[in-house]
Amino acid sequence: MPVNSFDDYPMSWKPDRASLARPVYKSLAERLERDISDGTLAPETKLPPQRELADYLDINFTTVTRAYKIAEMKGLIYAVTGRGTFVSPSTKGVGIVMAGDVPKGVIDLAPVSSFEQTNDIILDCARRVMRRSYADQLLNYYNPYGLPHQIAAGVNWVKQFGINTDQDHLILTTGAQNAMTTILLSLFEAGDKIAVEEFSYSNFISMAKKMSLQMVPVACDSKGMTPGALDAACRKGDVKGIFLMPTCCNPTSVMTTDVRRRALANVIRHHDLKVIEDDAYAFISLNDKSLACEPFLNLLPERTIHISSISKPICSGLRVAFMIYPDEYAKTLRNSYTDLNVKTPSIDAEIATEAILSGDAYKVMNIKLDLAVKVNNLFKEVFGRNVCIGHPKSPFRWLPIESDDDFRVTEKKLLDAGVKVFHSARFFSKRTLPDQFLRVSLTNTADMKELRTGLEILRDNVKVKQPD
């Protein structure tokens, strides 16, 4: 079909044929990615059918197919049988959620920090470390996975979360994000599929997309990921792994119950999935038997890599996590870790170790647990108990709202009103869900007064959806 017959034909995307270089399929995929990233193609835009776009560009149909496939592997687009191909709701430029500058006078309820009020205690630990006679040994290349006494401290630290391991199955990493990167590089290949909750940790999703891994969103309810939906997803496609934040999923705050974990474990074992268990918020369930649950590492020890970060229970800026793994993955993970990092920063690791061995870490953690109770009580006071779903001590809340606005408009309106939060559209989902939420951080304000003011501004500027 002649190209010029499409000049006035309504199409959602009309890339310039003259701008495409060889190989055309790669160039077309790059053009598609740029147009999605810069907002030319908005989330949920329906793309032209492959054959129609091929006719418009006067190229082979398979060239468009290959270009769409590259974009789909990056998580930029998704296909629905019988309906077409769409731009993903959460793309590379949208899904990354980090702390950032906010205008003067705006209360920042967007980033989930770690109750920074206790950092002076960790600062004292750092001072003690730097006065040690062996402090100079913390500056060399040796012991890439952590010094022996640091690893031993990690083994003892994770015991409180029900994890029994040894020094041969634990290494220190430069934070949880670094551990996740190591795992993805070690155990997965481009194109592999990983099951995630419909709304999941945006930084993990963004990182996986950059590695050309495909995320498979799985339906969840108030008890966590549903086993039936996971089983269906695995039967539909060749899923290789699963990412879970079982104690308190970021962003939804949902806690996967013990019964649900065991049911999921059966599905995971049946489909031979590798498990990435990020349990950064395990500490918020301590001292409460009603919240105690078995880690997936204990349920599926032969296939689970467990990440226990200290950023939330101890200090946000202290980038140390403990990665625990089975024998099968030991060599691959350890080799990939040194390829990626050379070694874990010994000074950070030593400060964390000093905090654990001195007991200061437990002191800090108990202070944070008390603060978690207070901020959640305040949230309930402002918004009511009915909308306080998920873990009762979560450092963030998942607030259901009613709105017809684009998520960027919603966020901008709230910013203009004096409060910054993140909309649920920033968190991974492969299809548009009927409900909208705001993730509201409860840990980032200077004090309770500022938090109350921020929550009240939020309450007065959104329509909260009450549960049925």
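In what follows, every heavy atom counts, from backbone to side chain, and hydrogens, waters and symmetry copies are set aside.
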For this session: Report the residues that fulfil salt bridge (Lys or Arg N to Asp or Glu O under 4.0 Å) with Glu116, sequence neighbours left out, ordered by chain and then residue number.
Result: none
For this session: Test Ile205 against Lys209 for side chain to side chain contact (heavy atoms under 4.5 Å, CB included), laying out the working first.
Result: CA-CA 6 Å; Ile205 300 302; Lys209 286 179 181 178; 3.7 Å; yes
Exercise. Are the side chain of Glu354 and the backbone of Val129 linked by a donor-acceptor contact shorter than 3.5 Å?
Worked result: no
Exercise. Residues in ring-ring contact (aromatic ring centres under 6.0 Å, His included) with Tyr362, at least two apart?
Worked result: Trp157
Problem set entry | Shortest non-hydrogen contact between Ile314 and Ala361, atoms and distance | CD1-CB, 3.6 Å
Exercise. With Phe204, which residues qualify under ring-ring contact (aromatic ring centres under 6.0 Å, His included), at least two apart?
Worked result: Phe243
Listing, residues 186-195 side-chain donor-acceptor contacts under 3.5 Å, not counting sequence neighbours, or none:
residue	atom	partner	partner atom	Å
Ser186	OG	Thr182	O	2.6
Ser186	OG	Ser336	OG	2.8
Asp192	OD2	Glu189	N	2.8

Exercise. Do the charged groups of Arg128 and Asp124 touch, with an N to O distance under 4.0 Å?
Worked result: no
Counting only pairs under 3.5 Å, give me each side-chain donor-acceptor contact of residues 317-332, with atom names and distances, residues two or more places apart or in other chains.
residue	atom	partner	partner atom	Å
Arg319	NH1	Ser316	O	2.8
Tyr325	OH	Arg334	NH1	2.8
Asp327	OD1	His169	NE2	2.5

For this session: Applying side-chain hydrogen bond (donor to acceptor under 3.5 Å, both in side chains), run through Tyr142 and Ser346 and close with a yes or a no.
Result: CA-CA 9 Å; Tyr142 301 118; Ser346 293; over 6 Å; no
Problem set entry | Donor-acceptor contact present, side-chain Asn140 to main-chain Gln137, <3.5 Å | yes
Seminar exercise, completed: When rounded to the nearest 0.5 Å, the distance separating OG1 of Thr252 from CZ of Arg397 is 10.0 Å
Problem set entry | Side-chain heavy-atom pair Asn461, Val419 within 4.5 angstrom cut-off | no
Exercise. Can you tell me how far the OG1 atom of Thr445 sits from the CD atom of Gln117, to the nearest 0.5 Å?
Worked result: 7.0 Å
Exercise. What is the minimum heavy-atom distance between Leu369 and Ile284, and which atoms define it?
Worked result: CD2-CA, 3.5 Å
Problem set entry | Pairwise salt bridge (charged side-chain N to carboxylate O under 4.0 Å, His left out) hits with a residue in residues 147-164, at least two apart | none
For this session: Kindly indicate whether the side chain of Ile171, heavy atoms from C-beta on, has any atom under 4.5 Å from the side chain of Ile151.
Result: no
For this session: For residues Cys248 and Met255, determine if any side-chain heavy atom of one lies less than 4.5 Å from a side-chain heavy atom of the other.
Result: no
Seminar exercise, completed: Between the CG atom in Asn335 and the CG atom in Leu185, the distance rounded to the nearest 0.5 Å is 13.0 Å
For this session: Please say whether more than 12 non-hydrogen atoms of neighbouring residues, nucleotides or ligands are located less than 6.0 Å from NZ in Lys223.
Result: no
Problem set entry | Polar side-chain atom of Gln436 near backbone of Ser403 as donor-acceptor pair, under 3.5 Å | yes
For this session: Can you see which heavy atom on Pro227 is nearest to which on Val267, and at what distance?
Result: O-CG2, 3.9 Å
Problem set entry | Leu340 side chain reached by Asn178 side chain, heavy atoms, under 4.5 Å | yes
Problem set entry | side chain to side chain contact (heavy atoms under 4.5 Å, CB included) between Leu297 and Thr165, worked out | CA-CA 10 Å; Leu297 181 67; Thr165 187; 5.7 Å; no
For this session: Without swapping roles, check the side chain of Gln150 against the backbone of Gly146 for a donor-acceptor pair under 3.5 Å.
Result: no
For this session: Check for a donor-acceptor pair, side chain of His271 on one end and backbone N or O of Leu273 on the other, with a separation under 3.5 Å.
Result: no
For this session: Check whether any side-chain heavy atom of Glu350 lies under 4.5 Å from a side-chain heavy atom of Tyr134, and answer yes or no.
Result: yes
For this session: Mind checking the OG1-CD spacing from Thr257 to Glu294? Nearest 0.5 Å is all I need.
Result: 13.0 Å
For this session: Applying ring-ring contact (aromatic ring centres under 6.0 Å, His included), name anything that partners Tyr281, two or more places apart in sequence or on another chain.
Result: Phe396
Exercise. Is any side-chain heavy atom of Ile242 closer than 4.5 Å to a side-chain heavy atom of Met225?
Worked result: yes
For this session: For residues 300-316, pull every pair meeting salt bridge (charged side-chain N to carboxylate O under 4.0 Å, His left out), keeping only residues two or more places apart or in separate chains.
Result: Asp272-Arg303
Exercise. Can you tell me how far CD of Gln177 sits from CD1 of Ile307, rounded to the nearest 0.5 angstrom?
Worked result: 9.0 Å
Problem set entry | Ion pair check, Lys449 and Asp447, cut-off under 4.0 Å | no
Exercise. side-chain hydrogen bond (donor to acceptor under 3.5 Å, both in side chains) with Thr247: which residues, sequence neighbours excluded?
Worked result: Asp279
Exercise. Below 4.5 Å, heavy atoms only, C-beta onward: do Ile107 and Asn444 meet side chain to side chain?
Worked result: no
Exercise. Under the side-chain hydrogen bond (donor to acceptor under 3.5 Å, both in side chains) criterion, do Glu72 and Gln214 qualify, and how do the steps go?
Worked result: CA-CA 8 Å; Glu72 184 177 12; Gln214 299 184 67; over 6 Å; no
Exercise. Do any N or O atoms from the side chain of Arg439 and from the backbone of Ala110 form a donor-acceptor pair under 3.5 angstrom?
Worked result: yes
Problem set entry | Note: Asp370-Lys374 ion pair, threshold 4.0 Å (strictly below) | no
For this session: Without swapping roles, check the side chain of Ser253 against the backbone of Ser394 for a donor-acceptor pair under 3.5 Å.
Result: no
For this session: Look at the side chain of Glu33 and the backbone N and O of Leu76, then say whether any donor-acceptor pair between them is shorter than 3.5 Å.
Result: no
Exercise. If every non-hydrogen atom of Arg261 is compared with every non-hydrogen atom of Pro295, which pair is closest and at what distance?
Worked result: NH1-CA, 4.0 Å
Exercise. Does the side chain of Lys412 reach to within under 4.5 Å of the side chain of Asp416, using non-hydrogen atoms?
Worked result: yes
Problem set entry | Partner residues of Phe437 under the ring-ring contact (aromatic ring centres under 6.0 Å, His included) criterion, sequence neighbours left out | Trp398
Problem set entry | Euclidean distance, His391 NE2 relative to Thr256 OG1, rounded to 0.5 Å | 10.5 Å
Problem set entry | Donor-acceptor contact below 3.5 Å, side chain Glu277 vs main chain Pro246 | no
Show me, pair by pair, the donor-acceptor contacts under 3.5 angstrom made by side chains of residues 380-388, not counting sequence neighbours?
residue	atom	partner	partner atom	Å
Glu381	OE1	Arg452	NH2	3.3
Glu381	OE2	Arg452	NH1	3.1
Glu381	OE2	Arg452	NH2	3.0

Problem set entry | For Thr226, all residues meeting side-chain hydrogen bond (donor to acceptor under 3.5 Å, both in side chains), sequence neighbours excluded | none
For this session: Identify the heavy atoms of Val440 and Leu455 that sit nearest to each other, and give their distance.
Result: CG1-CD2, 3.8 Å
For this session: Search all heavy atoms of Pro144 against all heavy atoms of Tyr337 and return the closest pair with its distance.
Result: O-CE2, 3.8 Å
